[in-house]
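Heads up, the thing below is written out as structure tokens.
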Amino acid sequence: MKVKKVYAVMLAAAVALGTVGCGNKAETEKVSQSSGISSEKEDNKAENQGGQTDGQGGSQSETETDDNPEGQTQDGQDQDVKEETMGGENEVIEVPEWDAVEIPDNEALEFVKDMQLGWNLGNTFDASNCGASDELEYESAWVGIKTTKEMIHTIADAGFKTIRIPVSWHNHVDAEYRISEAWMDRVQEVVDWALEEELYVILNIHHDNEEGFMYPSYEHLEQSKKYVQAVWEQIAERFAEYDEKLIFETLNEPRHTGTDHEWWVDANSEVGKECIDSVNQLNQTAVDTIRANGKGYNTSRYIMAPGYCASPDFALADGFILPTDSGSAENRILVSVHAYTPYPFALAGESDQNSTDQFSIADKNGTADIDAFMKKLYDKFISKGTGVVIGEFGARAKGNNVEARTEFAAYYVARARSYGITACWWDNNAFGGDGENFGILRRVKNQILFPQIVEQMTHYSKAE
């Protein structure tokens, strides 16, 4: 493959440490693993061990901490910012020429293809348990700034074609799970801005994974179904007339929070079977509720459904089943996974003994993990006509490793697209300190800080 050239101004940012938030505790640096690498709690340094050999060179799949970790610098805080502008040519990174795989010719896979590349409006409407006196303050509680129409335009202008808008609802409902009108109105406003930019939009239930709301265990299943049904009834009603570019995602990383099997469980154990089956039932409740609305596009819109903790491992597990769909169109359920792979580079904190700040396309130790889990998703779902969306991926900044992150971004997106998968970068608007710095768009300045990363992703995400 020839190396193509794209000309751009390259930016690098170093941001001094700051602390933000609404009193939320730093949550687990999450990882569902197949090779026994421990995950790290940055708040108390506790570790979860999980090990399962997948039979293909010890590949692994991961999920992220999409809460606001302690010690991250974000917008709206007092901070010193130093930005260095570097001129030069930004060449499109060369990736291998893989053997072409057969992508079935159907509407669902064409739809996913058209989604191209996604970006997450992370740590925004998904902020939870802040105790803010004004519920609308939740939007800026973790990122220090409210979303603007100009930000959405910048994302679209940069070449992203999809925006995922994670939303936590449980802090905005009454005892009957009725959603606040003000909160729903504000979410709708931002959805409208995205659709005006001709973006695909993914709307979900995010940090509602708590006892009393949604918790995927048999003990809490009936109550959880009531919550999921109530929330999706209201979302479906509000957005019924929105066309199919608005995608509903049933759940976000449904899991047994606070347990030793939060991010990995033996799928063949009794608790593993319960975890997987509970998520299956909650996915089915969400799909049934959306279709039962019967209005507008709700009978046919695309719906994304994850497995346990949204890990590829559990979407690939034998116990995971796609929801049956009573809608008016066939094949409208997409599989949703999150994968911060390879874990040592993409997600592991710098204090983790397995962490590395380096990634190279020439190094199979990094690329093999990406290849393995994507091929499995292709074999089980895509080759049989079911679409797959990676709702979250990324590589956290570690020191000044922009070059490695850029190479990673090129490879990851190119590989995903080679299998017919669309991937969405997790952007939590975090840039400084030693936290989970996945930020791409510096919202306070409405500026893409890493255009070289974005250019690689947009180049390889374009539908051919």
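Any value given below was found using the heavy atoms of this structure, including those in side chains, with hydrogens, waters and symmetry copies removed.
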- Heavy atoms, side chains only, cut-off 4.5 Å: are Ile205 and Met214 in contact? no
- Query: Does a side-chain N-to-carboxylate-O contact under 4.0 Å join Glu107 and Arg332?
  - Reply: yes
- Query: Any donor-acceptor pair under 3.5 Å linking the side chain of Asp126 with the backbone of Thr124?
  - Reply: yes
- Query: Which of these, Val271, Val279, Asp277, sits in a side-chain contact (heavy atoms from CB on, under 4.5 Å) with Cys275?
  - Reply: Val271
- Under 4.5 Å between any side-chain heavy atoms of Val265 and Thr259, yes or no? no
- Taking side chain as C-beta onward, heavy atoms only, is His256 less than 4.5 Å from Tyr308? yes
- Message: Pair Tyr419, Asp371 - check side-chain hydrogen bond (donor to acceptor under 3.5 Å, both in side chains), show working.
- Response: CA-CA 10 Å; Tyr419 283 120; Asp371 295 342; over 6 Å; no
- Message: Let's go through Ile370 and Phe408 carefully: what are the C-alpha distance in whole Å and the side-chain angles of both, what is the deciding distance for side-chain contact (heavy atoms from CB on, under 4.5 Å) to 0.1 Å, and is it a yes or a no?
- Response: CA-CA 10 Å; Ile370 297 171; Phe408 160 83; 4.2 Å; yes
- Task: Determine whether Ile247 and Met115 make a side-chain contact, defined as any pair of heavy atoms from C-beta on separated by less than 4.5 Å.
- Result: yes
- Query: Is a side-chain donor or acceptor of Asp357 paired with a backbone partner of Phe345 at a separation under 3.5 angstrom?
  - Reply: no
- Message: The test is side-chain hydrogen bond (donor to acceptor under 3.5 Å, both in side chains); show your working for Thr257 and Glu210 and say whether it passes.
- Response: CA-CA 8 Å; Thr257 55; Glu210 296 183 10; over 6 Å; no
- Item | Reference residue Phe393; test ring-ring contact (aromatic ring centres under 6.0 Å, His included); the match among Trp425, Tyr340, Phe438, Trp426 | Trp425
- Quick one: does Glu233's side chain have a donor or acceptor within less than 3.5 Å of a partner on Thr289's backbone? no
- Query: Under 30°, 30 to 60°, or over 60°: which ring-plane class applies to Trp232 and Phe248, parallel, tilted or perpendicular?
  - Reply: tilted
- Query: When rounded to the nearest 0.5 angstrom, what distance separates CZ in Arg442 from CG in Asp427?
  - Reply: 11.5 Å
- Message: Which label fits Trp264 and Phe314: parallel for a plane angle under 30°, tilted from 30 to 60°, or perpendicular past 60°?
- Response: tilted
- Task: Take Asn446 and His153 through the test side-chain contact (heavy atoms from CB on, under 4.5 Å) and record every step on the way to the result.
- Result: CA-CA 10 Å; Asn446 191 27; His153 175 75; over 6 Å; no
- After noting the C-alpha distance and the side-chain angles of Asp369 and Tyr343, does the key distance pass the side-chain hydrogen bond (donor to acceptor under 3.5 Å, both in side chains) rule? CA-CA 9 Å; Asp369 291 346; Tyr343 170 75; over 6 Å; no
- Item | Parallel, tilted or perpendicular: rings of Tyr302 and Phe111 (30°, 60°) | parallel
- Message: So which atom in Lys146 and which in Met151 form the shortest heavy-atom distance, rounded to 0.1 Å?
- Response: O-CE, 3.2 Å
- Task: With salt bridge (charged side-chain N to carboxylate O under 4.0 Å, His left out) as the test, would you mind laying out the steps for Arg238 and Asp185 before giving the verdict?
- Result: CA-CA 9 Å; Arg238 175 62 69 100; Asp185 287 347; 2.8 Å; yes
- Determine the interplanar angle of the Tyr138 and His172 rings, folded into 0 to 90°, and report it as parallel if under 30°, tilted if 30 to 60°, perpendicular if over 60°. perpendicular
- If you look at every heavy atom in Val337 and Leu377, which pair is closest and at what distance? CG2-CD1, 4.0 Å
- Message: More than 12 heavy atoms of other residues, nucleotides or ligands under 6.0 Å from NZ of Lys398: yes or no?
- Response: yes
- Item | Exercise: identify the closest heavy-atom pair between Lys245 and Leu195 | CB-CD2, 4.1 Å
- May I ask you to decide if Ala348's main-chain N or O and Asn354's side chain share a donor-acceptor pair within less than 3.5 Å? no
- Item | Distance (rounded to the nearest 0.5 Å) between Thr148 OG1 and Ile145 CD1 | 6.5 Å
- Task: Decide, yes or no, whether a salt bridge links Asp114 with Lys161 under the criterion of side-chain N to carboxylate O below 4.0 Å.
- Result: no
- Item | Within-4.5 Å side-chain heavy-atom neighbours: Leu121 and Arg443 | yes
- Message: Over 60° means perpendicular and under 30° means parallel, so tell me whether Tyr242 and Phe239 are parallel, tilted or perpendicular.
- Response: perpendicular
- Item | Heavy-atom side-chain contact between Asn252 and Pro306 under 4.5 Å | no
- Query: Side chains of Asn429 and Asn123: closer than 4.5 Å at any heavy-atom pair?
  - Reply: no
- Task: Grab the two heavy atoms, one from Ala182 and one from Glu135, that are nearest each other, plus how far apart they are.
- Result: CB-OE2, 3.9 Å
- Message: Let's go through Trp169 and Tyr177 carefully: what are the C-alpha distance in whole Å and the side-chain angles of both, what is the deciding distance for side-chain contact (heavy atoms from CB on, under 4.5 Å) to 0.1 Å, and is it a yes or a no?
- Response: CA-CA 9 Å; Trp169 303 93; Tyr177 302 145; over 6 Å; no
- Supply the atom-to-atom distance Glu196 CD to Ile152 CD1, rounded to the nearest 0.5 angstrom. 10.5 Å
- Message: In this structure, is the centre-to-centre distance between the rings of Phe125 and Trp183 below 6.0 Å?
- Response: yes
- Task: To the nearest 0.5 Å, tell me how far Ile333 CD1 sits from Thr250 OG1.
- Result: 8.5 Å
- Item | Smallest separation among heavy atoms of His220 and Ser217, with atom names | ND1-OG, 2.9 Å
- Query: Under 3.5 Å, is there a donor-acceptor pair between the side chain of Asn120 and the main chain of Gly391?
  - Reply: yes
- So, Ser300 and Arg291: side-chain donor and acceptor under 3.5 Å apart, yes or no? no
- Test Gln456 against Gln452 for side-chain hydrogen bond (donor to acceptor under 3.5 Å, both in side chains), laying out the working first. CA-CA 6 Å; Gln456 301 300 328; Gln452 60 273 57; over 6 Å; no
- Task: Taking the side chain as every heavy atom from C-beta outward, state whether Glu253 and His206 have any pair of such atoms under 4.5 Å apart.
- Result: no
- Message: Between Glu197 and Trp193 (side chain of the first, backbone of the second, donor and acceptor by atom type, cut-off under 3.5 Å), is there such a pair?
- Response: no
- Step by step, work out the salt bridge (charged side-chain N to carboxylate O under 4.0 Å, His left out) result for Arg178 and Asp174. CA-CA 5 Å; Arg178 289 186 291 260; Asp174 62 17; 2.8 Å; yes
- Task: Ignoring hydrogens and angles, tell me if any N or O in the side chain of Arg396 forms a donor-acceptor pair with the backbone of Gly435 under 3.5 Å.
- Result: yes
- Distance-only, no hydrogens or angles: does the Lys380 side chain make a donor-acceptor pair with backbone N or O of Ala317 under 3.5 Å? yes
- Can you check whether Leu246's main-chain N or O pairs, donor with acceptor, with Arg301's side chain at less than 3.5 Å? yes
- Message: Rounded at 0.5 Å granularity, tell me how far OG in Ser180 sits from CG in Asn171.
- Response: 11.5 Å
- Query: Has the side chain of Glu274 got a donor or acceptor atom that lies under 3.5 Å from a matching backbone atom of Tyr218?
  - Reply: yes
